[in-house]
There are 2 protein chains.
Amino acid sequence: MITKETTRRLDPDKVVDSALGIADDEGPAAISFRRLAAQHGVTAMALYRHFKDKDDLLAALGDRLLADVVLPEPTDERWDVQLQNVLTAFVTALREHPRVADLTLLRILVSEPGLAMAERIMELLTEGGFSVDDAAEVGRQSISSLISLVTTDPMAREVSDPVAREDSLRMKRASLAALSPRRYPLITAAADTLICPTSRDRYYALGIEMTVAGIRGVLREEKQ
Amino acid sequence: MITKETTRRLDPDKVVDSALGIADDEGPAAISFRRLAAQHGVTAMALYRHFKDKDDLLAALGDRLLADVVLPEPTDERWDVQLQNVLTAFVTALREHPRVADLTLLRILVSEPGLAMAERIMELLTEGGFSVDDAAEVGRQSISSLISLVTTDPMAREVSDPVAREDSLRMKRASLAALSPRRYPLITAAADTLICPTSRDRYYALGIEMTVAGIRGVLREEKQ
DNA sequence: GGGAAGAAGTTTACGCCGTATGTATACGCT
DNA sequence: AGCGTATACATACGGCGTAAACTTCTTCCC
(Lines give C-alpha, C1' and ligand atoms only; values in the text may rest on other atoms or scores of the structure.)
Protein backbone atom coordinates (compact mmCIF):
# COMPACT_ATOMS: atom_id res chain seq x y z
CA MET A 1 0.00 0.00 0.00
CA ILE A 2 1.35 3.34 -1.01
CA THR A 3 1.05 5.84 1.80
CA LYS A 4 0.00 9.38 1.18
CA GLU A 5 3.05 11.45 0.52
CA THR A 6 2.73 13.93 3.32
CA THR A 7 6.08 12.59 4.41
CA ARG A 8 8.13 13.75 1.48
CA ARG A 9 7.43 17.40 1.97
CA LEU A 10 10.05 18.49 -0.49
CA ASP A 11 9.88 17.38 -4.12
CA PRO A 12 13.20 17.92 -5.93
CA ASP A 13 11.41 18.23 -9.25
CA LYS A 14 9.33 21.08 -7.91
CA VAL A 15 12.47 22.74 -6.62
CA VAL A 16 13.94 22.54 -10.10
CA ASP A 17 10.72 24.06 -11.41
CA SER A 18 11.07 26.97 -9.01
CA ALA A 19 14.70 27.45 -9.89
CA LEU A 20 13.86 27.54 -13.58
CA GLY A 21 11.15 30.09 -12.89
CA ILE A 22 13.55 32.31 -10.98
CA ALA A 23 16.20 32.01 -13.66
CA ASP A 24 13.69 32.85 -16.38
CA ASP A 25 12.58 35.97 -14.54
CA GLU A 26 15.79 37.25 -13.00
CA GLY A 27 18.66 35.23 -14.38
CA PRO A 28 20.61 32.34 -12.92
CA ALA A 29 22.40 34.56 -10.39
CA ALA A 30 19.09 34.99 -8.59
CA ILE A 31 18.88 31.28 -7.82
CA SER A 32 19.82 30.64 -4.22
CA PHE A 33 19.25 27.83 -1.77
CA ARG A 34 17.73 30.17 0.76
CA ARG A 35 15.27 31.60 -1.70
CA LEU A 36 14.25 28.22 -3.09
CA ALA A 37 13.86 26.88 0.42
CA ALA A 38 11.65 29.80 1.40
CA GLN A 39 9.45 29.21 -1.65
CA HIS A 40 8.92 25.66 -0.47
CA GLY A 41 8.40 26.44 3.21
CA VAL A 42 11.62 24.81 4.29
CA THR A 43 15.11 25.67 5.50
CA ALA A 44 18.00 26.19 3.11
CA MET A 45 19.81 23.20 4.52
CA ALA A 46 16.89 20.93 3.73
CA LEU A 47 17.80 21.19 0.07
CA TYR A 48 21.08 19.45 0.77
CA ARG A 49 19.14 16.25 1.30
CA HIS A 50 18.28 16.35 -2.40
CA PHE A 51 21.15 18.20 -4.02
CA LYS A 52 24.75 17.63 -3.06
CA ASP A 53 25.63 21.27 -3.57
CA LYS A 54 24.77 24.15 -5.85
CA ASP A 55 26.53 22.66 -8.84
CA ASP A 56 24.42 19.59 -8.37
CA LEU A 57 21.26 21.70 -8.43
CA LEU A 58 22.37 23.47 -11.58
CA ALA A 59 23.17 20.12 -13.17
CA ALA A 60 19.62 19.10 -12.42
CA LEU A 61 18.41 22.20 -14.27
CA GLY A 62 20.54 21.23 -17.24
CA ASP A 63 19.15 17.71 -17.16
CA ARG A 64 15.63 19.07 -17.10
CA LEU A 65 16.22 21.11 -20.24
CA LEU A 66 17.71 18.12 -22.01
CA ALA A 67 14.79 15.95 -20.97
CA ASP A 68 12.50 18.41 -22.73
CA VAL A 69 14.15 17.88 -26.10
CA VAL A 70 11.72 16.12 -28.42
CA LEU A 71 13.98 14.14 -30.69
CA PRO A 72 12.42 13.64 -34.15
CA GLU A 73 12.06 10.07 -35.40
CA PRO A 74 14.54 8.96 -38.06
CA THR A 75 13.21 9.34 -41.60
CA ASP A 76 14.62 8.62 -45.03
CA GLU A 77 15.39 12.24 -45.74
CA ARG A 78 18.95 13.31 -46.41
CA TRP A 79 21.30 13.23 -43.43
CA ASP A 80 21.70 17.00 -43.34
CA VAL A 81 17.97 17.63 -43.38
CA GLN A 82 17.51 15.23 -40.49
CA LEU A 83 20.40 16.80 -38.65
CA GLN A 84 18.85 20.20 -39.04
CA ASN A 85 15.65 18.82 -37.53
CA VAL A 86 17.47 17.35 -34.56
CA LEU A 87 19.33 20.59 -33.93
CA THR A 88 16.10 22.52 -34.26
CA ALA A 89 14.50 20.29 -31.65
CA PHE A 90 17.43 20.99 -29.34
CA VAL A 91 17.20 24.74 -29.81
CA THR A 92 13.44 24.66 -29.37
CA ALA A 93 13.83 23.06 -25.95
CA LEU A 94 16.52 25.52 -24.88
CA ARG A 95 14.49 28.54 -25.99
CA GLU A 96 12.05 27.94 -23.15
CA HIS A 97 14.74 28.85 -20.64
CA PRO A 98 17.37 30.91 -22.44
CA ARG A 99 19.13 32.20 -19.33
CA VAL A 100 20.17 28.71 -18.25
CA ALA A 101 20.55 27.07 -21.64
CA ASP A 102 24.30 26.77 -21.18
CA LEU A 103 23.83 24.40 -18.26
CA THR A 104 23.05 21.69 -20.79
CA LEU A 105 26.53 21.59 -22.29
CA LEU A 106 28.12 19.77 -19.37
CA ARG A 107 25.19 17.35 -19.07
CA ILE A 108 24.83 16.14 -22.63
CA LEU A 109 27.31 13.32 -22.19
CA VAL A 110 25.84 12.43 -18.80
CA SER A 111 22.06 12.53 -18.94
CA GLU A 112 20.19 9.89 -20.87
CA PRO A 113 18.32 12.27 -23.20
CA GLY A 114 21.55 14.09 -23.84
CA LEU A 115 23.35 10.90 -24.74
CA ALA A 116 20.51 9.85 -27.01
CA MET A 117 20.72 13.15 -28.86
CA ALA A 118 24.50 13.02 -29.09
CA GLU A 119 24.43 9.50 -30.46
CA ARG A 120 21.82 10.51 -33.01
CA ILE A 121 23.87 13.49 -34.13
CA MET A 122 26.95 11.30 -34.46
CA GLU A 123 24.95 8.84 -36.56
CA LEU A 124 23.85 11.52 -38.96
CA LEU A 125 27.30 13.06 -39.23
CA THR A 126 28.97 9.75 -39.97
CA GLU A 127 26.22 8.97 -42.45
CA GLY A 128 27.14 12.25 -44.10
CA GLY A 129 30.73 11.08 -44.47
CA PHE A 130 32.56 12.29 -41.39
CA SER A 131 34.93 9.98 -39.58
CA VAL A 132 33.90 9.15 -36.05
CA ASP A 133 36.46 11.53 -34.59
CA ASP A 134 35.60 14.36 -36.94
CA ALA A 135 31.94 13.83 -36.17
CA ALA A 136 32.72 14.20 -32.50
CA GLU A 137 34.53 17.50 -32.97
CA VAL A 138 32.06 18.92 -35.45
CA GLY A 139 29.14 17.84 -33.32
CA ARG A 140 30.56 19.39 -30.20
CA GLN A 141 31.19 22.68 -31.95
CA SER A 142 27.68 22.72 -33.42
CA ILE A 143 26.03 22.10 -30.09
CA SER A 144 28.14 24.74 -28.46
CA SER A 145 27.26 27.29 -31.15
CA LEU A 146 23.58 26.61 -30.82
CA ILE A 147 23.67 26.95 -27.07
CA SER A 148 25.29 30.33 -27.45
CA LEU A 149 22.70 31.20 -30.06
CA VAL A 150 20.08 30.78 -27.35
CA THR A 151 21.94 32.28 -24.40
CA THR A 152 22.77 35.41 -26.37
CA ASP A 153 19.30 35.78 -27.89
CA PRO A 154 19.09 39.57 -27.94
CA MET A 155 15.32 39.57 -27.53
CA ALA A 156 15.24 37.28 -24.50
CA ARG A 157 17.34 39.35 -22.11
CA GLU A 158 15.67 41.07 -19.19
CA VAL A 159 12.22 40.02 -20.25
CA SER A 160 11.23 40.24 -16.60
CA ASP A 161 10.64 43.95 -16.47
CA PRO A 162 9.40 45.49 -19.73
CA VAL A 163 10.27 48.95 -18.46
CA ALA A 164 13.87 48.07 -17.67
CA ARG A 165 14.08 46.29 -20.99
CA GLU A 166 12.96 49.35 -22.91
CA ASP A 167 15.40 51.50 -20.99
CA SER A 168 18.26 49.16 -21.75
CA LEU A 169 17.38 49.12 -25.44
CA ARG A 170 17.10 52.89 -25.51
CA MET A 171 20.53 53.22 -23.97
CA LYS A 172 22.10 50.91 -26.49
CA ARG A 173 20.40 52.71 -29.33
CA ALA A 174 21.66 56.03 -28.05
CA SER A 175 25.16 54.66 -27.69
CA LEU A 176 25.22 53.54 -31.31
CA ALA A 177 23.47 56.68 -32.52
CA ALA A 178 26.28 58.70 -30.97
CA LEU A 179 28.86 57.04 -33.21
CA SER A 180 30.31 58.87 -36.17
CA PRO A 181 28.69 57.57 -39.39
CA ARG A 182 31.87 58.58 -41.13
CA ARG A 183 34.05 56.27 -39.11
CA TYR A 184 31.51 53.49 -38.67
CA PRO A 185 29.19 53.71 -41.67
CA LEU A 186 28.04 50.10 -41.63
CA ILE A 187 27.54 49.80 -37.90
CA THR A 188 25.44 52.95 -37.78
CA ALA A 189 23.50 51.81 -40.83
CA ALA A 190 22.75 48.46 -39.21
CA ALA A 191 22.24 49.84 -35.71
CA ASP A 192 18.66 48.67 -35.35
CA THR A 193 19.45 45.14 -36.44
CA LEU A 194 22.55 44.99 -34.26
CA ILE A 195 20.59 46.02 -31.20
CA CYS A 196 17.62 43.79 -31.82
CA PRO A 197 17.02 41.57 -34.85
CA THR A 198 13.78 41.97 -36.71
CA SER A 199 12.25 38.56 -36.09
CA ARG A 200 12.99 36.05 -33.41
CA ASP A 201 12.08 33.12 -35.60
CA ARG A 202 14.32 34.38 -38.34
CA TYR A 203 17.11 34.83 -35.81
CA TYR A 204 16.92 31.21 -34.78
CA ALA A 205 16.35 29.87 -38.28
CA LEU A 206 19.42 31.72 -39.51
CA GLY A 207 21.53 30.48 -36.61
CA ILE A 208 20.61 26.89 -37.25
CA GLU A 209 21.10 27.23 -40.99
CA MET A 210 24.53 28.71 -40.48
CA THR A 211 25.49 25.84 -38.25
CA VAL A 212 24.34 23.19 -40.69
CA ALA A 213 25.89 25.07 -43.60
CA GLY A 214 29.15 25.16 -41.67
CA ILE A 215 29.00 21.42 -41.20
CA ARG A 216 28.39 20.83 -44.91
CA GLY A 217 31.18 23.23 -45.72
CA VAL A 218 33.90 21.57 -43.68
CA LEU A 219 32.73 18.18 -44.94
CA ARG A 220 33.43 19.28 -48.51
CA GLU A 221 36.84 20.57 -47.50
CA GLU A 222 37.79 17.38 -45.65
CA LYS A 223 36.84 15.32 -48.65
CA GLN A 224 38.94 17.62 -50.85
CA MET B 1 56.09 69.39 -13.96
CA ILE B 2 54.80 65.93 -13.38
CA THR B 3 55.02 64.91 -9.76
CA LYS B 4 55.97 61.45 -8.71
CA GLU B 5 52.90 59.28 -8.56
CA THR B 6 52.97 58.33 -4.94
CA THR B 7 49.48 59.77 -4.74
CA ARG B 8 47.77 57.54 -7.27
CA ARG B 9 48.59 54.37 -5.42
CA LEU B 10 46.10 52.30 -7.31
CA ASP B 11 46.43 51.77 -11.05
CA PRO B 12 43.18 50.51 -12.59
CA ASP B 13 45.10 48.83 -15.41
CA LYS B 14 47.09 46.82 -12.91
CA VAL B 15 43.91 45.84 -11.14
CA VAL B 16 42.57 44.53 -14.43
CA ASP B 17 45.83 42.64 -14.85
CA SER B 18 45.37 40.99 -11.47
CA ALA B 19 41.76 40.16 -12.19
CA LEU B 20 42.76 38.52 -15.46
CA GLY B 21 45.39 36.52 -13.64
CA ILE B 22 42.92 35.32 -11.06
CA ALA B 23 40.37 34.43 -13.71
CA ASP B 24 42.97 32.54 -15.71
CA ASP B 25 43.99 30.50 -12.68
CA GLU B 26 40.72 29.97 -10.87
CA GLY B 27 37.92 31.19 -13.07
CA PRO B 28 35.95 34.41 -13.07
CA ALA B 29 34.04 33.46 -9.91
CA ALA B 30 37.28 33.85 -7.97
CA ILE B 31 37.49 37.53 -8.85
CA SER B 32 36.42 39.62 -5.89
CA PHE B 33 36.92 43.22 -4.85
CA ARG B 34 38.33 42.18 -1.53
CA ARG B 35 40.87 39.87 -3.06
CA LEU B 36 41.95 42.35 -5.72
CA ALA B 37 42.23 45.06 -3.08
CA ALA B 38 44.39 42.84 -0.89
CA GLN B 39 46.69 42.11 -3.81
CA HIS B 40 47.21 45.82 -4.22
CA GLY B 41 47.54 46.65 -0.53
CA VAL B 42 44.32 48.55 -0.37
CA THR B 43 40.77 48.27 0.95
CA ALA B 44 37.98 46.78 -1.09
CA MET B 45 36.15 50.07 -1.16
CA ALA B 46 39.11 51.82 -2.72
CA LEU B 47 38.33 50.00 -5.95
CA TYR B 48 35.05 51.82 -6.20
CA ARG B 49 36.98 54.97 -7.02
CA HIS B 50 37.99 53.33 -10.25
CA PHE B 51 35.15 50.93 -11.05
CA LYS B 52 31.52 51.84 -10.56
CA ASP B 53 30.63 48.31 -9.51
CA LYS B 54 31.56 44.75 -10.30
CA ASP B 55 29.92 44.82 -13.71
CA ASP B 56 32.05 47.82 -14.51
CA LEU B 57 35.18 45.92 -13.54
CA LEU B 58 34.19 42.96 -15.69
CA ALA B 59 33.46 45.31 -18.56
CA ALA B 60 37.00 46.59 -18.20
CA LEU B 61 38.25 43.01 -18.51
CA GLY B 62 36.23 42.61 -21.69
CA ASP B 63 37.65 45.84 -23.06
CA ARG B 64 41.14 44.67 -22.29
CA LEU B 65 40.67 41.48 -24.29
CA LEU B 66 39.27 43.44 -27.22
CA ALA B 67 42.17 45.85 -27.09
CA ASP B 68 44.50 42.91 -27.53
CA VAL B 69 42.99 41.92 -30.88
CA VAL B 70 45.52 42.56 -33.62
CA LEU B 71 43.36 43.35 -36.62
CA PRO B 72 45.06 42.37 -39.89
CA GLU B 73 45.48 45.06 -42.50
CA PRO B 74 43.12 44.91 -45.51
CA THR B 75 44.57 43.09 -48.47
CA ASP B 76 43.31 42.26 -51.93
CA GLU B 77 42.55 38.67 -51.08
CA ARG B 78 39.01 37.39 -51.37
CA TRP B 79 36.53 38.71 -48.79
CA ASP B 80 36.11 35.34 -47.15
CA VAL B 81 39.82 34.79 -46.77
CA GLN B 82 40.22 38.18 -45.15
CA LEU B 83 37.22 37.52 -42.94
CA GLN B 84 38.77 34.29 -41.77
CA ASN B 85 41.92 36.20 -40.86
CA VAL B 86 40.00 38.79 -38.88
CA LEU B 87 38.08 36.11 -37.00
CA THR B 88 41.31 34.24 -36.36
CA ALA B 89 42.83 37.39 -34.88
CA PHE B 90 39.81 37.71 -32.61
CA VAL B 91 40.03 34.12 -31.43
CA THR B 92 43.78 34.41 -30.93
CA ALA B 93 43.27 37.30 -28.53
CA LEU B 94 40.51 35.52 -26.62
CA ARG B 95 42.56 32.34 -26.25
CA GLU B 96 44.91 34.12 -23.87
CA HIS B 97 42.12 34.33 -21.31
CA PRO B 98 39.55 31.69 -22.17
CA ARG B 99 37.65 31.83 -18.87
CA VAL B 100 36.60 35.43 -19.41
CA ALA B 101 36.35 35.45 -23.19
CA ASP B 102 32.60 35.90 -23.03
CA LEU B 103 32.97 39.27 -21.39
CA THR B 104 33.87 40.65 -24.80
CA LEU B 105 30.44 40.08 -26.32
CA LEU B 106 28.76 42.95 -24.51
CA ARG B 107 31.67 45.29 -25.15
CA ILE B 108 32.18 44.88 -28.88
CA LEU B 109 29.72 47.60 -29.78
CA VAL B 110 31.05 49.84 -27.03
CA SER B 111 34.84 49.75 -26.96
CA GLU B 112 36.80 51.32 -29.78
CA PRO B 113 38.76 48.21 -30.80
CA GLY B 114 35.52 46.24 -30.72
CA LEU B 115 33.79 48.73 -32.97
CA ALA B 116 36.74 48.75 -35.35
CA MET B 117 36.57 44.97 -35.63
CA ALA B 118 32.80 44.96 -36.03
CA GLU B 119 32.95 47.57 -38.78
CA ARG B 120 35.65 45.59 -40.56
CA ILE B 121 33.62 42.40 -40.37
CA MET B 122 30.58 44.20 -41.71
CA GLU B 123 32.67 45.58 -44.58
CA LEU B 124 33.86 42.14 -45.59
CA LEU B 125 30.40 40.59 -45.29
CA THR B 126 28.78 43.26 -47.44
CA GLU B 127 31.63 42.94 -49.91
CA GLY B 128 30.74 39.26 -50.05
CA GLY B 129 27.19 40.12 -51.02
CA PHE B 130 25.22 40.34 -47.79
CA SER B 131 22.80 43.17 -47.23
CA VAL B 132 23.72 45.43 -44.35
CA ASP B 133 21.07 43.87 -42.12
CA ASP B 134 22.01 40.31 -43.01
CA ALA B 135 25.63 41.14 -42.40
CA ALA B 136 24.70 42.36 -38.94
CA GLU B 137 22.89 39.18 -38.05
CA VAL B 138 25.44 36.85 -39.59
CA GLY B 139 28.30 38.76 -38.01
CA ARG B 140 26.74 38.67 -34.58
CA GLN B 141 26.15 34.95 -34.78
CA SER B 142 29.71 34.31 -35.96
CA ILE B 143 31.23 36.32 -33.14
CA SER B 144 29.05 34.59 -30.63
CA SER B 145 30.00 31.14 -31.94
CA LEU B 146 33.69 31.94 -31.80
CA ILE B 147 33.45 33.22 -28.26
CA SER B 148 31.80 29.99 -27.22
CA LEU B 149 34.50 28.12 -29.12
CA VAL B 150 37.01 29.67 -26.76
CA THR B 151 35.03 29.55 -23.52
CA THR B 152 34.26 25.87 -24.02
CA ASP B 153 37.77 24.94 -25.09
CA PRO B 154 37.96 21.47 -23.52
CA MET B 155 41.70 21.70 -23.01
CA ALA B 156 41.69 25.04 -21.24
CA ARG B 157 39.47 24.17 -18.32
CA GLU B 158 40.97 23.90 -14.86
CA VAL B 159 44.48 24.39 -16.10
CA SER B 160 45.31 25.77 -12.69
CA ASP B 161 45.87 22.48 -10.96
CA PRO B 162 47.21 19.69 -13.21
CA VAL B 163 46.27 17.10 -10.64
CA ALA B 164 42.65 18.20 -10.42
CA ARG B 165 42.59 18.40 -14.20
CA GLU B 166 43.77 14.83 -14.58
CA ASP B 167 41.24 13.68 -12.03
CA SER B 168 38.44 15.43 -13.83
CA LEU B 169 39.47 13.91 -17.15
CA ARG B 170 39.71 10.47 -15.59
CA MET B 171 36.21 10.81 -14.18
CA LYS B 172 34.77 11.81 -17.52
CA ARG B 173 36.57 8.99 -19.24
CA ALA B 174 35.24 6.53 -16.72
CA SER B 175 31.74 7.87 -17.12
CA LEU B 176 31.83 7.34 -20.88
CA ALA B 177 33.59 4.01 -20.56
CA ALA B 178 30.71 2.81 -18.41
CA LEU B 179 28.23 3.33 -21.24
CA SER B 180 26.88 0.40 -23.20
CA PRO B 181 28.64 0.23 -26.59
CA ARG B 182 25.50 -1.45 -27.87
CA ARG B 183 23.27 1.47 -27.09
CA TYR B 184 25.82 4.20 -27.78
CA PRO B 185 28.25 2.73 -30.32
CA LEU B 186 29.42 6.03 -31.78
CA ILE B 187 29.79 7.89 -28.51
CA THR B 188 31.86 5.12 -26.98
CA ALA B 189 33.92 4.87 -30.16
CA ALA B 190 34.63 8.59 -30.09
CA ALA B 191 35.01 8.82 -26.32
CA ASP B 192 38.58 10.09 -26.34
CA THR B 193 37.86 12.80 -28.86
CA LEU B 194 34.67 13.84 -27.08
CA ILE B 195 36.52 14.23 -23.80
CA CYS B 196 39.52 16.02 -25.17
CA PRO B 197 40.28 16.74 -28.83
CA THR B 198 43.58 15.62 -30.23
CA SER B 199 45.09 18.99 -31.06
CA ARG B 200 44.28 22.39 -29.73
CA ASP B 201 45.28 24.14 -32.91
CA ARG B 202 43.15 21.81 -34.94
CA TYR B 203 40.25 22.45 -32.57
CA TYR B 204 40.44 26.16 -33.18
CA ALA B 205 41.15 25.89 -36.89
CA LEU B 206 38.13 23.66 -37.32
CA GLY B 207 35.91 25.98 -35.31
CA ILE B 208 36.89 28.99 -37.38
CA GLU B 209 36.54 27.09 -40.63
CA MET B 210 33.07 25.92 -39.66
CA THR B 211 32.06 29.46 -38.91
CA VAL B 212 33.32 30.83 -42.21
CA ALA B 213 31.87 27.88 -44.10
CA GLY B 214 28.55 28.59 -42.45
CA ILE B 215 28.70 32.18 -43.60
CA ARG B 216 29.47 31.14 -47.19
CA GLY B 217 26.69 28.60 -47.00
CA VAL B 218 23.92 30.95 -45.98
CA LEU B 219 25.14 33.49 -48.50
CA ARG B 220 24.58 30.98 -51.29
CA GLU B 221 21.13 30.21 -49.95
CA GLU B 222 20.13 33.85 -49.68
CA LYS B 223 21.25 34.47 -53.25
CA GLN B 224 19.26 31.41 -54.38
C1' DG C 1 2.27 -3.16 18.23
C1' DG C 2 7.07 -1.68 19.70
C1' DG C 3 11.28 -0.23 18.77
C1' DA C 4 15.37 0.26 16.00
C1' DA C 5 17.20 2.52 11.80
C1' DG C 6 17.55 5.89 8.83
C1' DA C 7 15.84 9.68 6.15
C1' DA C 8 14.17 14.56 6.27
C1' DG C 9 14.33 18.88 8.15
C1' DT C 10 16.19 22.43 11.65
C1' DT C 11 19.51 25.21 14.19
C1' DT C 12 23.48 27.51 14.50
C1' DA C 13 27.61 29.20 12.86
C1' DC C 14 31.59 30.47 9.74
C1' DG C 15 33.67 32.92 6.24
C1' DC C 16 32.92 34.74 2.11
C1' DC C 17 30.64 38.34 -1.07
C1' DG C 18 28.99 43.27 -3.12
C1' DT C 19 28.33 47.66 -1.65
C1' DA C 20 25.98 51.95 1.01
C1' DT C 21 27.49 55.42 4.06
C1' DG C 22 30.47 58.39 6.43
C1' DT C 23 35.26 59.95 7.55
C1' DA C 24 40.21 61.03 7.21
C1' DT C 25 44.27 62.27 4.39
C1' DA C 26 47.04 64.48 1.07
C1' DC C 27 47.78 66.61 -3.29
C1' DG C 28 47.27 70.65 -6.79
C1' DC C 29 45.98 75.22 -7.52
C1' DT C 30 45.04 79.83 -6.54
C1' DA D 1 48.11 79.51 3.26
C1' DG D 2 44.15 77.43 2.54
C1' DC D 3 40.52 75.41 -0.11
C1' DG D 4 38.56 71.85 -3.15
C1' DT D 5 38.86 67.48 -4.70
C1' DA D 6 40.54 62.97 -5.36
C1' DT D 7 41.82 59.01 -2.93
C1' DA D 8 41.62 55.60 0.43
C1' DC D 9 39.78 53.75 4.88
C1' DA D 10 36.45 52.02 8.55
C1' DT D 11 32.30 50.22 9.58
C1' DA D 12 28.16 47.96 8.65
C1' DC D 13 24.28 45.44 6.36
C1' DG D 14 22.17 41.81 4.13
C1' DG D 15 22.89 37.89 1.35
C1' DC D 16 25.38 33.84 -0.10
C1' DG D 17 27.09 28.52 0.14
C1' DT D 18 27.66 25.11 3.30
C1' DA D 19 29.77 22.34 7.53
C1' DA D 20 28.25 20.07 11.88
C1' DA D 21 25.27 18.66 15.26
C1' DC D 22 20.58 18.38 16.57
C1' DT D 23 15.56 16.88 16.40
C1' DT D 24 11.59 14.77 14.33
C1' DC D 25 9.15 11.82 11.47
C1' DT D 26 8.63 7.28 8.56
C1' DT D 27 9.23 2.97 7.65
C1' DC D 28 9.99 -1.65 8.29
C1' DC D 29 10.86 -5.81 10.76
C1' DC D 30 10.12 -8.86 14.54
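Just so we're on the same page: letters track the sequence lines, and every chain starts at 1. Since we're looking at a predicted model, the values are computed, not measured.
Nucleotide D/dA21 holds its P atom 17 Å from the OH atom of A/Tyr48, rounded to whole Å. Distance A/Asp53 CG to D/dA19 P: 8 Å, rounded to the nearest Å. Atom NZ in A/Lys52 sits about 12 Å away from atom C1' in D/dG17, given to the nearest Å. A/Glu26 has its CD atom 14 Å from the P atom of D/dG15, to the nearest Å.
Within the 4.0 Å cut-off from OP1 or OP2 of C/dG9, not a single side-chain nitrogen or oxygen of A/His40 is found.
Atom CD of A/Glu209 sits about 6.0 Å away from atom CD of A/Gln84, to the nearest 0.5 Å. Within the model, atoms CD1 of B/Ile121 and CG of B/Leu83 stand 6.5 Å from one another, a figure rounded to the nearest 0.5 Å.
For the pair B/Arg140 and A/Pro197, the tightest heavy-atom approach, listed with the atom from each and the gap, is NH2-CG, 3.3 Å.
Salt-bridge check for A/Asp17 with A/Arg64: passed, with a basic side-chain N closer than 4.0 Å to an acidic carboxylate O.
Within the 3.5 Å criterion, the main-chain N or O of A/Leu149 finds no donor-acceptor partner in the side chain of B/Gln141.
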Detail all sub-3.5 Å separations between protein N/O atoms and N/O atoms belonging to nucleotides 10-17 of chain C.
residue, atom, partner, partner atom, Å
C/dT10, OP2, A/Thr43, N, 2.6
C/dT10, OP2, A/Thr43, OG1, 2.6
C/dT10, O5', A/Thr43, OG1, 3.1
C/dC17, OP1, B/Ser32, OG, 2.8

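In summary, the aromatic rings of A/Phe51 and A/Phe33 are positioned with their centroids too far apart to meet the 6.0 Å limit.
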